[in-house]
Amino acid sequence: MTTDFPAVRINKGAGGWGPGLVVRVHGDRNIVLSVTGGDEHPVAKRIAELTGGRVVNAFNSGAPDDQVMCAVINCGGTARSGVYPKKRIPTVNVFTASPGGPLQKYITDDIYVSGVGVSNVETAEAGTPAIGDDGAETGQASQPPQPDGSDAAVNSTAVGEVKKESAFSRFIIKFGGAIGYVITSLLNAGREGVKLILNTVIPFMAYVALIMGIVNYTGLANWIARSVSPLAGSLWGLLLLGIITGLPILSPFLGPGAAIAQIIGVLMGAQIATGALPVRYALPTLFAIDGQVGCDFIPVGLSLGEAQSETVDVGVPAVLFGRQLTSPLAVLIAYGFSFLV
């Protein structure tokens with residue numbers, strides 16, 4: 001594979017993870033995919049500038065996996081961190097996030113680095129090997145090894161021997177295999193569930209608890225509550241809040257972690273608990289502050305679904321503008337049902 005294009009070394013930043021990556025353009029694989037929301041991220045622009053590649057904003061247009069040189073993301077360590085490593089696409093996280101989330105097993109130090117800033121991207125020394133120089137293709141799922149002829153012969157022999165067994169023996173073998181499959185599946189599910197709780201859920205709960213402690217100790221909680229309470233105290237205010245959180249320009253920035261929605265939700269819950277706001281406003285308030293949830297995940301979700309680049313081009317703005325319409329509509333519907341409380 002040709003190495004005529006300049007290579008760049010991408011080192012981890014302060015508090016980051018991974019020994020770093022070396023990437024370069026390989027033929028059609030020349031796209032630096034920016035999956036950070038808003039404009040193209042400066043790190044993505046820097047990588048493209050030094051390698052001669054081109055930046056594609058995943059929120060504006062898609063790109064085939066076989067043309068992506070690397071992906072620049074801003075993920076705190078959940079699903080998005082593992083989507084591109086699973087496809088064996090070099091992943092550069094501008095957040096200081098170590099491997100975590102449901103796709104943690106795919107996040108390895110040969111394909112992922114975090115905490116990266118513009119200053120951590122530099123031209124690699126001449127002759128430095130880059131990902132893909134050895135001819136291995138990225139963006140392709142690994143295929144399981146195929147059995148050779150000897151295995152096939154053994155399997156054929158085993159099948160022949162089983163056929164000689166009685167019907168009762170065959171039933172016992174199948175029943176035992178089914179039980180083993182169920183037990184193994186449950187065991188693996190339990191193991192993955194515990195890992196997810198320990199590595200993702202509990203740290204995020206601690207993060208939200210820390211933020212709540214800070215805003216309450218500093219008095220910021222009361223200021224936020226006084227600022228938002230006028231909106232949450234009337235239908236028109238809730239509609240305005242739903243429109244604001246659903247704005248296509250803001251929703252991708254408000255979405256990561258849903259931290260803002262959780263903080264405001266806790267504060268509004270406290271206001272309702274003390275009687276400052278009627279209970280019937282709880283449901284419409286919930287929909288008013290949650291209009292942005294998931295908007296930062298749209299390109300990643302489409303990628304998980306293996307959507308074509310044309311689908312991503314249309315799908316991202318369609319969902320964002322669709323959320324702008326459904327957010328205040330959801331507030332209206334919730335307000336109508338709130339009278340049943």
Side-chain angles (χ1 to χ4, degrees), residues 1 5 7-8 10 12 17-37 40-41 43-44 47-48 51 53-95 97-114 116 129-145 192 195-196 199-200 256 294 296-313 315-316:
M1 181 171 290
F5 296 96
V8 296
I10 306 170
K12 68 177 181 180
W17 185 90
L21 307 175
V22 178
V23 299
R24 64 157 49 93
V25 172
H26 291 95
D28 292 336
R29 194 178 294 278
N30 61 356
I31 292 177
V32 180
L33 193 64
S34 179
V35 199
T36 56
E40 294 84 1
H41 197 276
V43 169
I47 295 174
T51 60
R54 59 190 180 94
V55 182
V56 171
N57 190 334
F59 280 85
N60 295 335
S61 61
D65 290 340
D66 59 0
Q67 295 182 16
V68 177
M69 173 175 54
C70 67
V72 178
I73 64 173
N74 59 345
C75 180
T78 51
R80 204 187 322 175
S81 292
V83 169
Y84 297 102
K86 183 180 180 181
K87 298 180 178 183
R88 299 302 297 168
I89 293 176
T91 303
V92 180
N93 196 345
V94 298
F95 287 177
S98 57
L103 301 177
Q104 177 181 353
K105 62 182 179 180
Y106 300 104
I107 306 174
T108 55
D109 59 7
D110 63 328
I111 205 74
Y112 175 88
V113 64
S114 68
V116 178
I131 297 175
D133 283 353
D134 57 357
E137 293 295 326
T138 58
Q140 301 290 334
S142 59
Q143 298 295 328
E192 293 298 324
K195 288 182 180 179
L196 182 62
N199 296 328
T200 303
D296 63 311
F297 192 72
I298 297 171
V300 182
L302 291 173
S303 180
L304 279 172
E306 299 183 355
Q308 299 294 327
S309 59
E310 294 81 3
T311 304
V312 177
D313 293 344
V316 173

- [ ] Run the numbers on T91 and I73 for side-chain contact (heavy atoms from CB on, under 4.5 Å), then give the verdict.
- [x] CA-CA 7 Å; T91 303; I73 64 173; 3.7 Å; yes
TODO: Go through the steps for V68 and Y84 under the test side-chain contact (heavy atoms from CB on, under 4.5 Å), then give the verdict.
DONE: CA-CA 10 Å; V68 177; Y84 297 102; 5.9 Å; no
TODO: Could you check if a side-chain atom of V32 sits within less than 4.5 angstrom of a side-chain atom of V72, using non-hydrogen atoms only?
DONE: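 When only atoms from C-beta onward are counted, V72 and V32 do touch, with a gap below 4.5 Å.
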Task: Test item: N30 and M69 side chains (from C-beta on) under 4.5 Å apart, heavy atoms - done: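 No, their side chains stay 4.5 Å or more apart.
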Open item on the list: Would R54 and E40 count as a side-chain contact (heavy atoms from CB on, under 4.5 Å) here? Give the steps.
Closed with: CA-CA 11 Å; R54 59 190 180 94; E40 294 84 1; over 6 Å; no
For residues [X] and [Y], report the shortest heavy-atom separation together with the two atoms involved.
| X | Y | answer |
| --- | --- | --- |
| V113 | G20 | CG2-CA, 4.0 Å |
| I111 | P85 | CG2-CB, 3.7 Å |
| S61 | D313 | CA-OD1, 2.6 Å |
| V55 | S34 | CG1-CB, 4.2 Å |
| I89 | A71 | CG2-N, 4.1 Å |
| A63 | I31 | CB-CD1, 3.7 Å |

So how far is it from [X] [atom1] to [Y] [atom2], rounded to the nearest 0.5 Å?
| X | Y | atom1 | atom2 | answer |
| --- | --- | --- | --- | --- |
| C70 | R24 | SG | CZ | 13.0 Å |
| D109 | K12 | CG | NZ | 10.5 Å |
| Y112 | S98 | OH | OG | 7.0 Å |
| L21 | I131 | CG | CD1 | 4.5 Å |
| L33 | H41 | CG | NE2 | 13.5 Å |

Open item on the list: Test your reading of the model: is there a side-chain donor-acceptor pair from N74 to the backbone of F95, 3.5 Å cut-off?
Closed with: no
- [ ] Keeping the roles fixed (side chain from S114, backbone from W17), state whether a donor-acceptor pair exists under 3.5 Å.
- [x]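 Yes, because the side chain of S114 sits within donor-acceptor range (under 3.5 Å) of the backbone of W17.
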Task: Salt-bridge criterion met for D65 and R88 (N-O under 4.0 Å) - done: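 Salt bridge: no.
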- [ ] Give me the one residue out of V116, V43, V22 that meets side-chain contact (heavy atoms from CB on, under 4.5 Å) with I10.
- [x]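 The passing option is V116.
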